[in-house]
Number of protein chains: 2
Amino acid sequence: MDKRYLRSIRLLSECMQLFEQASARKVRQFGLTHSQFDIIATLGNTPGMTCKELGERTLMTKGTLTGVLDRLEEKRLIQRERGADDRRQLFVRLSNSGEQTFAEVFPQVVENGKQRFTSYTADDYQTLEDALLKLKQHLEQDQR
Amino acid sequence: MDKRYLRSIRLLSECMQLFEQASARKVRQFGLTHSQFDIIATLGNTPGMTCKELGERTLMTKGTLTGVLDRLEEKRLIQRERGADDRRQLFVRLSNSGEQTFAEVFPQVVENGKQRFTSYTADDYQTLEDALLKLKQHLEQDQR
DNA sequence: TATTGTTATACTCTATAACTATA
DNA sequence: TATAGTTATAGAGTATAACAATA
């Protein structure tokens, strides 16, 4: 089973690389890094969230997050507000300009990939989703 | 079709994240970065290759590659040799110690993931492979 | 004492452009 | 002139540990 496992993993990695390569190009055209786009995409369509939650969702450690948020704040794409109830917390949300960027970049990154899927049928999607969902469930199994 | 496309891409990205999270942990236990492991895995089981080819396979630009190779050479994991026919080229290959690291780390990174797939049947693998292969072919379509 | 987030540190990756040496 | 790889530069992400403010 070794070979099959390796082949699947290699395929998964190749697909991801292809997708990221294309989307990274788009993202960079807007002067954003992958991490910065990750934050913006996570904050998009939300009322904002704490740094803690943002870190958990994007898998960045708090120290890293501070730096990325600093750069986004310099670009006036996000705002940080001290929490009203728990004053240790910072609430991070997109600024108006950030919302605008999200509304502009996100669909383009998506569209950029989507163009290639005009020939995908409902069945094709279903098969892909089923296979990936099963894979995900296996990958999620906890390990020491 | 927008929703289905997004759902598939999100699944793909989640799978990749889960896999990379687990393997990154293993890789770091060996004191390697993702890029360094990428080089070692690419050089493993080959007689070596030029920097140019290595850059193409790992998608690193030549400037970046030089730095990563420098660090691997400091760790005595690779060797660089001036090409005999074309003296502009550098031939990069794993050192004995590098081969050993490859033989040790690679299976562990693989095994680390593989454990979770004991319940995958031949059919499961086939379905996953087919779906990913189709996805890959679509992602490979050239775009401006 | 524990938690949230920042700061400081040190390293690595990254792209780009100028450079060296070979072809 | 063109190509293979290095060097220099500047910016960004990363983990970690020490820290301040708040709970």
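Note that this is a predicted model, so its numbers are computed, not measured.
Taking atom CZ of residue A:R82 and atom P of nucleotide D:dA20, one finds them 15 Å apart after rounding to whole Å. For the pair A:R71 CZ and C:dT14 C1', the computed distance is 13 Å after rounding to whole Å. Rounded to an integer number of Å, the gap from B:I39 CD1 to D:dG5 P is 12 Å. Distance NE2 (A:H34) to P (D:dA12): 16 Å, rounded to an integer number of Å. Atom CD in B:E56 sits about 13 Å away from atom C1' in D:dG5, given to the nearest Å. Atom CG of B:L32 and atom P of C:dC11 are 17 Å apart (whole Å). Residue B:E74 contributes atom CD, which lies 14 Å from atom P of D:dT6 at whole-angstrom precision. Atom C1' of nucleotide D:dG13 and atom CG of A:L59 are separated by 14 Å, given to the nearest angstrom.
The distance from the CZ atom of A:R80 to the OG1 atom of A:T66 is 6.5 Å, given to the nearest 0.5 Å.
Distance from the side chain of B:T61 is smallest to C:dA15 among D:dA23, D:dA4, C:dA15. Among D:dA4, C:dT6, C:dG5, the nucleotide with an atom closest to any side-chain atom of A:R80 is C:dT6. For B:C51, whose side chain is taken as the heavy atoms from C-beta onward, the closest listed nucleotide among C:dG5, D:dT6, C:dA21 is D:dT6. Among the nucleotides C:dA23, D:dG5, D:dA12, the one closest to the side chain of B:K62 is D:dG5. Here the nucleotide nearest the side chain of B:R88, chosen from C:dT14, D:dA15, C:dA21, is C:dA21. Which of C:dT3, C:dT22, C:dT12 sits closest to the side chain of B:Q36 comes down to C:dT12.
Just one residue in the list B:Q89, B:R82, B:R88 forms a side-chain hydrogen bond (donor to acceptor under 3.5 Å, both in side chains) with B:D86, and that residue is B:R88. The side-chain contact (heavy atoms from CB on, under 4.5 Å) with B:E73 is formed by just one residue from the set B:V68, B:I78, B:V92; it is B:I78.
Side-chain contact, A:D130 with A:Q126: a donor N or O sits under 3.5 Å from an acceptor N or O. Under the 3.5 Å distance criterion, with hydrogens and angles disregarded, a donor-acceptor pair is assigned to the side chains of A:D124 and A:T121.
A:D38 comes within 4.0 angstrom of no nucleic acid atom, judged by non-hydrogen atoms across all strands. Among the atoms of the strands shown, only primed sugar atoms or phosphate atoms (P, OP1, OP2) are found under 4.0 Å from some heavy atom of B:D85. Within 4.0 Å (heavy atoms only), A:G67 reaches no atom of the nucleic acid at all. In this structure, B:S35 reaches the sugar-phosphate backbone alone: every heavy-atom distance under 4.0 Å involves primed, P, OP1 or OP2 atoms, never a base.
Each of A:L90 and A:R28 was matched to the nucleotide of DNA chain C holding its nearest heavy atom; the match closer to the 5' end belongs to A:L90.
Note on B:T33: every side-chain N or O is 4.0 Å or more away from OP1 and OP2 of D:dA15. Distances shown here put every side-chain N or O of A:T64 at or beyond 4.0 Å from the OP1 or OP2 atom of D:dG13. Between A:T66 and C:dT7 there is no side-chain N or O to OP1 or OP2 distance below 4.0 Å. OP1 or OP2 of C:dT4 sits under 4.0 Å from a side-chain N or O of A:K52.
Between the side chain of A:Q36 and the main chain of A:T33, a donor-acceptor pair closer than 3.5 Å is present.
You won't find any donor-acceptor pair under 3.5 Å spanning the side chain of A:R87 and the base of D:dT22, going by distance alone.
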